Amino acid sequence: MTADAKILRALRTAALSLSVSELATQAGLTPDELEARIAILRGAGYEIELVPHLGYRMSGVPDRLIADDLSGLLSRNGAPLKIAREILVFEETGSTNDVAARLARAGTPEGLVVFAERQTAGRGRLGRRWDSAARKGLWFSLLLRPALSMAGWSRLTTWAALGVARGLEEVLPGCRAAIKWPNDVYLSGRKAVGILIESAADSSGNFAIVGIGVNVNQTAADFPEELAGRATSLRLAAGGEEVPPLDRQEVATALLRHLDTLYDRLDEEEGDGFSSLVAEAETRSCLLGQWVEIAGPAEAFHGIAEGLEPDGSLRVRREDGTAVRISGGEVTVANWQNRA
Ligand code: BTN
């Protein structure tokens, strides 16, 4: 951890002020070096006051993603999380998935997280565009090299949706995060998070890029017309413009911590292993029991979304009684009355 990461972590977690000597010790700096770093952090937008006789305290944070702040928030006993060993923040990029994939091909080990304040070519599943307005949300990608057989990599879908759903509930107490299979996360019946997982194998080994787009602080007017009525943000779900914007770094931290906690369970077969993730994803599913349409490369068909299979795929019961296991494509709730 850098000295700035240690300063920010100490100030963010202190209940009250921290004396100059205490903060300097925690950051591994002399009081003079600390003063110089504090001046730089203030320049970056952190509101850090020096209260006479008491010491430093932080009264405001900038609405910017800052790698040092994120890595300080994300450390556990001074060590980084397995899935967030290294954090990069770009002001603007095409797609964070592409940046992470480029670095993967160059041999970067797992645990890289790439954030961008704005994406100019953010993409979603099935070739769709992903709206990634500057500073409104979290647009980030994780580079992972899970120790799973290639067939087991589809488990990442369930893992990602579940980690994100748990993280959202931590930052929005009282809200329920539902999963629309395979891995969209919904709040109050509207999509708040989209996840795009891309995997590849090359001379650097197998890797997966897990791209996560979280609508955090958009108001209704911020969404483009085509998303009106379908998309939401965490702020809207928390009460709308009445509530202050959320600290995006705290949201990112909550999501990454939950993803990290669940990551080791991906390859566990017994007890609290992967089957328990599937069981929880099933309880959070907003499709189960619904009449759905499945569109894919073959002709679209309908059925009742019945449950999740042990590998996380969706089981759909057709009207003729046959069960079909779905592992990809687009599933939408359909109107039972209009069935052929
Ligand atoms: C979807 O719902 O279709 C998936 C959306 C995934 C969006 C994220 S934002 C970060 C990462 N970079 C991208 O270009 N896409 C993903």
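Note that the numbering runs from 1 along the sequence shown for the chain. Treat the numbers as computed from the prediction; the structure is a model and nothing was measured.
- With rounding to the nearest 0.5 angstrom, the CG atom of Asp68 is 9.5 Å from the CD1 atom of Ile7.
- Atom CD of Glu33 has more than 12 neighbouring heavy atoms from other residues, nucleotides or ligands inside a 6.0 Å radius.
- Side-chain contact between Leu314 and Val316: present, with at least one pair of heavy atoms (C-beta onward) separated by less than 4.5 Å.
- A salt bridge is absent between Arg85 and Asp260; no separation between the charged side-chain nitrogens and carboxylate oxygens falls under 4.0 Å.
- From Ile209, atom CD1 reaches atom CG of Leu143 across 4.5 Å, with rounding to the nearest 0.5 Å.
- Remark: Asp184 does not engage Arg125 in a salt bridge, criterion side-chain N to carboxylate O under 4.0 Å.
- Salt-bridge formation is detected for the pair Glu169/Arg284: a Lys NZ or Arg NE/NH1/NH2 atom is positioned less than 4.0 Å from an Asp or Glu carboxylate oxygen.
- One finds a salt bridge joining Glu117 and Arg248 here, because a Lys/Arg side-chain nitrogen approaches an Asp/Glu carboxylate oxygen to under 4.0 Å.
- Under the 4.5 Å side-chain contact rule for hydrophobic residues, Val216 and Val114 do not share a cluster.
- Using modelled atom types, one side-chain atom of Thr108 and one backbone atom of Leu103 make a donor-acceptor pair closer than 3.5 Å.
- Transitive grouping of hydrophobic side chains (ILVMFWY, heavy atoms separated by less than 4.5 Å) keeps Trp130 and Leu65 in distinct clusters.
- By the neighbour-count criterion of 12 heavy atoms within 6.0 Å, atom CG of Asn77 is sparsely surrounded, having that number or fewer from other residues, nucleotides or ligands.
- For the atom pair Ile294 CD1 and Trp181 CH2, the distance stands at 8.5 Å (nearest 0.5 Å).
- In the model, Ser276 has a side-chain atom that pairs as donor or acceptor with a side-chain atom of Arg265 under 3.5 Å.
- Between Lys6 and Asp4 there is no salt bridge, since no side-chain N of the basic residue sits under 4.0 Å from a carboxylate O of the acidic one.
- Note on Asp267 versus Arg155: no salt bridge recorded, every NZ/NE/NH1/NH2 to OD/OE distance being 4.0 Å or above.
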ring-ring contact (aromatic ring centres under 6.0 Å, His included) evaluation trace for Trp139 with Phe115 = CA-CA 6 Å; Trp139 327 123; Phe115 286 89; over 10 Å; no
inquiry  = As a quick check of understanding, evaluate side-chain hydrogen bond (donor to acceptor under 3.5 Å, both in side chains) for Glu110 and Tyr263, giving each step before the final call.
reply    = CA-CA 12 Å; Glu110 92 164 345; Tyr263 191 56; 2.7 Å; yes
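- Here the side chain of Gln249 pairs a donor or acceptor atom with the backbone of Ile66 at under 3.5 angstrom.
- For Ser204 (side chain) and Gly107 (main-chain N/O), no donor-acceptor pair under 3.5 Å exists by modelled atom type.
- With Asp69 as reference, Arg12 is the one residue of Arg64, Arg12, Arg9 to meet the salt bridge (charged side-chain N to carboxylate O under 4.0 Å, His left out) rule.
- Connection of Leu236 to Leu255 is not established within any shared hydrophobic cluster, with ILVMFWY side chains joined at heavy-atom distances below 4.5 Å, either directly or through further cluster members.
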ask   = Passes side-chain hydrogen bond (donor to acceptor under 3.5 Å, both in side chains), Asp32 versus Thr30? Steps please.
value = CA-CA 5 Å; Asp32 284 350; Thr30 64; 5.5 Å; no
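- Within a 6.0 Å sphere centred on CD of Glu226, heavy atoms belonging to other residues, nucleotides or ligands number more than 12.
- Side-chain atoms of Asn97 and Ser95 include no donor-acceptor pair closer than 3.5 Å.
- Side chain of Ser313 to main chain of Glu309: no donor-acceptor pair is present (N/O by atom type, distance under 3.5 Å, no hydrogens or angles).
- Within the 4.5 Å cutoff, the side chain of Thr96 has no heavy atoms near those of the Leu88 side chain.
- Using a cut-off of 4.0 Å between Lys/Arg side-chain N and Asp/Glu carboxylate O, Arg128 and Glu330 are scored as salt-bridged.
- Using a cutoff of 4.0 Å between basic side-chain nitrogens and carboxylate oxygens, Glu198 and Arg123 are scored as salt-bridged.
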